[in-house]
Amino acid sequence: MADDIDDLLDEVETKFCTKTPVKKDSSSRRQEEKNPVGSKSKKPAGQESKPALSKKSSAKKLSGEDDDLNSMIDDIIDGPEPPKSLQRQNSQSSYTTPSRTASISQRRCNPVYLGGSADPMGLSSAVSQRMCDQLRCTSCDFKIVAFDNYEWDSTCDYLFFRNNVPDFKKLSAKLKKRRGSRAYACQCMWRSVKTVSKVEQDLQLKWVCGKHAL
């Protein structure tokens, strides 16, 4: 029995495991004889020079771009400086701007005056007596309107001013012409003034100076 199994294994090995040598054609043998193993095939002269030329051209382009960048940097560094007068003006303006804005936002009338149409209006101080034209009421939070050479009619009431200030067309229904007089009004109080007087003397008025822009 063992001999039979050995014979079967031998047949299988001979049929499937052994490699049959491949016959080479005559043409392939000739090529191997001409180009033996280990020898490098020579390329045409044109193909060998192309990579070298491309490397050289890329290197030239990079060097040219570097030269352009260096020349631009040199031009910027060596450029003309701005005149000294311009530098001084810029430095002076940077220092003077904050002081100007601070002075504009802090000017108020002191004291605050009311007056007739003949009295000049503007910023009042201890030296110049002017009628404030930036009055604001702290009660109704409205700016006071003033009309020269007019006075208010005696029939005016709170609702009339509440509904009509600051529209002059609507307010003109209760305005009477009076030379030398000035009619003041907000949405809660009104006055007809002919002579100069201080606002603080009228205790009913809640009018203050709302700052002057110079």
Side-chain angles (χ1 to χ4, degrees), residues 75-214:
D75 293 337
I76 293 169
I77 294 171
D78 298 334
E81 295 182 355
K84 293 182 179 180
S85 61
L86 183 60
Q87 293 179 354
R88 289 177 182 176
Q89 289 178 1
N90 292 333
S91 62
Q92 289 176 359
S93 62
S94 62
Y95 287 110
T96 55
T97 301
S99 61
R100 288 179 181 176
T101 55
S103 63
I104 290 172
S105 62
Q106 293 179 357
R107 299 304 298 270
R108 293 178 182 270
C109 289
N110 187 21
V112 182
Y113 290 105
L114 300 178
S117 60
D119 299 314
M121 302 186 76
L123 178 65
S124 176
S125 65
V127 179
S128 62
Q129 189 182 57
R130 293 179 179 273
M131 311 304 111
C132 182
D133 56 355
Q134 297 295 326
L135 291 169
R136 178 170 287 275
C137 180
T138 58
S139 180
C140 64
D141 197 23
F142 261 75
K143 185 178 179 180
I144 283 78
V145 294
F147 306 106
D148 287 347
N149 297 317
Y150 282 98
E151 67 178 4
W152 297 113
D153 189 77
S154 59
T155 59
C156 292
D157 56 4
Y158 170 81
L159 290 176
F160 172 76
F161 291 102
R162 185 70 178 178
N163 295 327
N164 298 323
V165 170
D167 192 345
F168 174 75
K169 290 183 179 180
K170 295 180 179 179
L171 292 172
S172 61
K174 298 287 185 180
L175 283 171
K176 296 190 302 181
K177 288 187 178 182
R178 178 70 66 179
R179 188 174 182 180
S181 178
R182 182 176 287 155
Y184 292 89
C186 62
Q187 283 198 345
C188 61
M189 298 297 294
W190 61 98
R191 291 290 185 272
S192 297
V193 182
K194 292 181 180 179
T195 58
V196 177
S197 62
K198 292 182 180 180
V199 173
E200 60 185 13
Q201 294 176 352
D202 193 338
L203 300 178
Q204 292 182 347
L205 294 178
K206 304 296 182 183
W207 296 352
V208 296
C209 178
K211 295 181 183 179
H212 292 259
L214 300 178

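All values reported here derive from a predicted model rather than from experimental measurement.
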Item to check | For S139, all residues meeting side chain to side chain donor-acceptor pair (under 3.5 Å), sequence neighbours excluded | outcome: none
Next on the checklist: Rounded at 0.5 Å granularity, tell me how far OH in Y158 sits from CG in N163.
Outcome noted: 9.0 Å
Next on the checklist: For residues 115-128, which residue pairs pass the salt bridge (charged side-chain N to carboxylate O under 4.0 Å, His left out) check, not counting sequence neighbours?
Outcome noted: none
Next on the checklist: Return the NZ to OG distance between K198 and S124, rounded to the nearest 0.5 Å.
Outcome noted: 9.0 Å
Checklist entry - Which pairs, with at least one residue in residues 131-145 and sequence neighbours excluded, count as a salt bridge (charged side-chain N to carboxylate O under 4.0 Å, His left out)? => result R136-D141
Item to check | Partners meeting side chain to side chain donor-acceptor pair (under 3.5 Å) with E151 (sequence neighbours left out) | outcome: R178
Checklist entry - By side chain to side chain contact (heavy atoms under 4.5 Å, CB included), which residues pair with S125, not counting sequence neighbours? => result V127, S128
Item to check | Rounded distance (nearest 0.5 Å) linking atom NZ of K176 with atom OG of S154 | outcome: 6.0 Å
Checklist outcome for this item: Contacts of D167 meeting side chain to side chain contact (heavy atoms under 4.5 Å, CB included) (sequence neighbours excluded), chain-then-number -> K169, K170
Checklist entry - Mind checking what makes side chain to side chain donor-acceptor pair (under 3.5 Å) contact with S117, not counting sequence neighbours? => result N149
Checklist entry - What's the verdict on side chain to side chain contact (heavy atoms under 4.5 Å, CB included) for Y150 and S181, showing C-alpha distance, side-chain angles and the deciding distance? => result CA-CA 6 Å; Y150 282 98; S181 178; over 6 Å; no
Checklist entry - Tell me the ring-ring contact (aromatic ring centres under 6.0 Å, His included) pairs involving residues 164-189, sequence neighbours left out? => result F147-F168
Checklist outcome for this item: Those residues at least two apart in sequence (or on a different chain) that pass side chain to side chain donor-acceptor pair (under 3.5 Å) with K174 are T155
Quiz: residues 199-207 side-chain donor-acceptor pairs under 3.5 angstrom, not counting sequence neighbours:
unit_1, atom_1, unit_2, atom_2, d
D202, OD1, Q204, N, 3.3
D202, OD2, R191, NE, 2.8
D202, OD2, R191, NH2, 3.2
Q204, OE1, R191, NH2, 3.1

Next on the checklist: Could you walk me through whether F161 and W152 satisfy the ring pair (Phe, Tyr, Trp, His ring centres under 6.0 Å) test, starting with their C-alpha distance in whole Å, then the side-chain angles of each, then the deciding distance to 0.1 Å, before giving a yes or no?
Outcome noted: CA-CA 11 Å; F161 291 102; W152 297 113; 4.8 Å; yes
Next on the checklist: Quick one, M121 with R182, criterion side chain to side chain contact (heavy atoms under 4.5 Å, CB included). Give me CA distance, side-chain angles, the key distance, then yes/no.
Outcome noted: CA-CA 11 Å; M121 302 186 76; R182 182 176 287 155; 3.6 Å; yes
